[in-house]
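Heads up, the thing below is written out as structure tokens.
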Amino acid sequence: MAPDLYTSLFEKKEKKKAGLPDLPESGNGVVMRFAPNPSGPLHLGHARAAFLNDEYIRRYGGRYILRIEDTDPKRVDPEAYDMVREDIEWMELSISSTVFQSDRFSKYYEVGKELISNGHAYVCRCDNEVFKDLKMHKAACPCRSQSTEEALELFDQMLEGAFAEGEVGVRLKTDLSHPDPAMRDYPLFRVLTSTPHQRVDAIVYPLMNLSVAVDDHLLGMTHVIRGKDHIANTRRQEFIFRYMGWKPPVYRHYGRMGIEGVVLSTSQMRAGIQSGEYSGWDDIRLGTLRAMARRGIKPGAVRNAVVEIGIGETDIQFSWENLYAKNKEIIDAGADRFFFVPDPVLVPVSGSGPVIAEAMRYPGDESRGYRSIPFDGSVYLPGSELASGAPFLRLKDLFNIRIFYDGDNIRAEYAGDDLQEARSKKAPIIQWLSKEHAHPCTL
RNA sequence: GCUGAUAUAGUGUAGUCCGGCCAAUCAUGUCGGCCUUUCACGCCGACGACUGGGGUUCGAAUCCCCAUAUCAGCACCA
């Protein structure tokens, strides 16, 4: 008998560790990135990507690169550069360095030329509709058969401005018979002259699949976490990695996230602001981080929420309920208490001169101190309490009162200071406000 | 139309890869209780889910097929 065999039967499964799942190939630290497009302020969707990456960098160590993806001048809002920076500061991300794609066009051109030189890309002058039709039928366009010399010459002409906007593009030769039409000979570069770029003087612009693949390689990304709307792009970018002989990063794609009742689309938000429907980017009906900050949400609450949501591929509709619960964990201990009287009714109280009530700022913790509430002869009481016809009440931190109902006429009279009496009579202890000390508010 | 992905309580989430220890985890929520000169926090308890249908198997949340629903891509956007 071999006792070793016996013990192996009782090996138990690895118990899972709390929080996010481990990433493969993370042993020597990771390099990850947060790559927003500066088209507006950051919103909850951005925060998910930003915090997930941040959490993994904190877990494994490494570098966190902020990459501003401003390769489409039509989608760049000059003010967004600052807004994005502010939002990132608010999130307290552990960013190691920042790069702007608009500073890196020469690198994109270099890789573009190399792809062309190796016969992996060509300059296409077909009409869009014509190309689309050919693509859907798995057919090559005439440009695809051009020689590399010809293609390089055409690319140089593009860079020199020989072509008008919309007239040409550079396409990657992928696989025209690929079952997924989205993979077939997708574009790498375009000519764009109608909208000047804020930060770079260019005629030829890289498209995201080229610029992202180049930068993910050049900046040494080990892992990329992004939304599943990029799944197709990941597969497209893998063609570039393969053609260039680069090792691709480990990819993870999480599902789409919404939060009930708010708009997360930057373009929809912008339209709403322009039409006057929203007061600005921080309108609390929007899902921007600045709007959430106005709601009193702390960045740590958003972080904890998105980490708990994790990197699942399921589309979710998150609820404010859960986010507020996370927020309460953070702010409750630091929040002083005040009295609140819903549906207030002013009731005169006879039998007591002016006194000043002392209420603890944070019940249960005397070190937080007291606040003073002067009683001046009448108090606001909650309408629901009076509607119940309660005859005897304890005004918290003040005294007991007896209530007299005479139709709509309600008055009260002082009925002693004894808390024990109130308790023995099971009198409700209620929050109150004095007339001069109250501030109207809406919840 | 083509391609791909996802489907666990009101909400979010674990378990799915490697079927049995899952009469399904945790949080949030709702309700009740305790604590407390209110509210909250904290503590205790209750409620509440494997999308549907076939199949494989002694056994299916887990594997296979079909259906349904949702999402994404098929842009000279990111």
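Convention: sequence-line order gives letters A, B, ...; per-chain numbering from 1. When reading the values below, keep in mind they use all heavy atoms of this one structure, side chains included, and skip hydrogens, waters and symmetry mates.
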Checklist entry - So, A:Asp215 and A:Lys107, do they make that salt bridge, N to O below 4.0 Å? => result no
Next on the checklist: Using a 4.0 Å heavy-atom cut-off, does A:Asp72 contact any base of the nucleic acid, only the sugar-phosphate backbone, or nothing at all?
Outcome noted: sugar-phosphate
Next on the checklist: By the 4.0 Å heavy-atom rule, please label A:Pro363 as base, sugar-phosphate, or nothing.
Outcome noted: base
Next on the checklist: Can you confirm whether A:Asp103 sits close enough to A:Arg199 that some side-chain heavy atom of one is under 4.5 Å from a side-chain heavy atom of the other?
Outcome noted: yes
Next on the checklist: At 4.0 Å (heavy atoms only), tell me whether A:Pro342 reaches a base, stays on the sugar-phosphate, or touches nothing.
Outcome noted: nothing
Checklist entry - Base, sugar-phosphate alone, or nothing: which one does A:His253 contact when heavy atoms must sit under 4.0 Å apart? => result nothing
Checklist entry - Could A:Arg303 and A:Asp54 be called an ion pair, given the rule that one side-chain N must be under 4.0 Å from one carboxylate O? => result yes
Item to check | base_contact_polar (B:G10 base, A:Glu321 side chain, donor-acceptor, <3.5 Å) | outcome: yes
Next on the checklist: Rounding to an integer number of Å, can you tell me how far A:Tyr362 OH sits from B:U36 P?
Outcome noted: 16 Å
Next on the checklist: Students often get this wrong, so: under 4.0 angstrom with heavy atoms, is A:Gly364 touching a base, only sugar-phosphate, or nothing?
Outcome noted: nothing
Next on the checklist: With hydrogens left out and only the distance checked, is there a donor-acceptor pair under 3.5 Å joining A:Asp315's side chain and the base of B:U70?
Outcome noted: no
Checklist entry - When all nucleic acid strands are considered with a 4.0 Å heavy-atom cut-off, which category describes A:Arg75: base, sugar-phosphate, or nothing? => result base
Item to check | A:Arg125 atom CZ: more than 12 heavy-atom contacts under 6.0 Å | outcome: no
Next on the checklist: Any base atoms under 4.0 Å from A:Leu419, or only sugar-phosphate, or nothing? Heavy atoms, all strands.
Outcome noted: base
Checklist entry - Considering Watson-Crick and G-U wobble pairs with both distances under 3.5 Å, what does B:C41 pair with? => result none
Next on the checklist: Within the 4.0 Å heavy-atom criterion, would you say A:Lys74 contacts the bases, only the backbone, or no part of the nucleic acid?
Outcome noted: nothing
Item to check | Nearest heavy atoms of A:Pro196 and A:Ser194, plus distance in Å | outcome: CD-O, 3.8 Å
Checklist entry - How would you label the contact of A:Asn37 with the nucleic acid (heavy atoms, under 4.0 Å): base, sugar-phosphate, or nothing? => result sugar-phosphate
Next on the checklist: Taking any heavy-atom pair under 4.0 Å as a contact, classify A:Met136: base, sugar-phosphate, or nothing.
Outcome noted: base
Next on the checklist: Do the side chains of A:Asp175 and A:Lys138 get close enough for a salt bridge, i.e. N-O under 4.0 angstrom?
Outcome noted: no
Item to check | With A:Ser434, the side chain to side chain contact (heavy atoms under 4.5 Å, CB included) member among A:Leu346, A:Ile356, A:Val349, A:Asp376 | outcome: A:Asp376
Next on the checklist: What's the gap between B:U56 and B:G48 when it is taken at their P atoms, as a whole Å value?
Outcome noted: 33 Å
Next on the checklist: Only pairs with both distances under 3.5 Å count, Watson-Crick or wobble alike; so what is the partner of B:U30 in this structure?
Outcome noted: B:A46
Checklist entry - Which part of the nucleic acid, if any, lies within contact of A:Ser39, taking any heavy atom under 4.0 Å across all strands shown: a base, the sugar-phosphate backbone alone, or nothing? => result nothing
Next on the checklist: Measure NZ/A:Lys396 against C1'/B:C39 and give the value in whole Å, please.
Outcome noted: 9 Å
Next on the checklist: Considering every strand and a 4.0 Å limit on heavy-atom distances, what is the contact class for A:Val168: base, sugar-phosphate, or nothing?
Outcome noted: base
Next on the checklist: I want to verify a distance call: between B:G1, B:A78, B:C76, whose nearest atom is closest to the A:Asn128 side chain?
Outcome noted: B:C76
Checklist entry - At under 4.0 Å between heavy atoms, what does A:Arg184 touch on the DNA or RNA strands: base, sugar-phosphate, or nothing? => result nothing
Item to check | side-chain N/O A:Lys228 vs B:U70 OP1/OP2, d < 4.0 Å | outcome: no
Checklist entry - Which residue lies toward the 5' end of RNA chain B, A:Asp332 or A:Gln317, if each is placed at its nearest nucleotide? => result A:Gln317
Next on the checklist: I want to check one thing: is the phosphate of B:G73, taken as OP1 and OP2, less than 4.0 Å away from some side-chain N or O of A:Arg236?
Outcome noted: no
Checklist outcome for this item: Taking a pair to mean Watson-Crick or G-U wobble geometry with both distances below 3.5 Å, B:C18 pairs with none
Checklist entry - If you find the nucleotide of RNA chain B closest to A:Ile309 and the one closest to A:Asn233, which residue's nucleotide is nearer the 5' end? => result A:Ile309
Item to check | Pair assignment for B:A5, Watson-Crick or G-U wobble, requiring both distances under 3.5 Å | outcome: B:U70
Checklist entry - Does B:A72 have OP1 or OP2 sitting under 4.0 Å from an N or O in the side chain of A:Arg256? => result yes
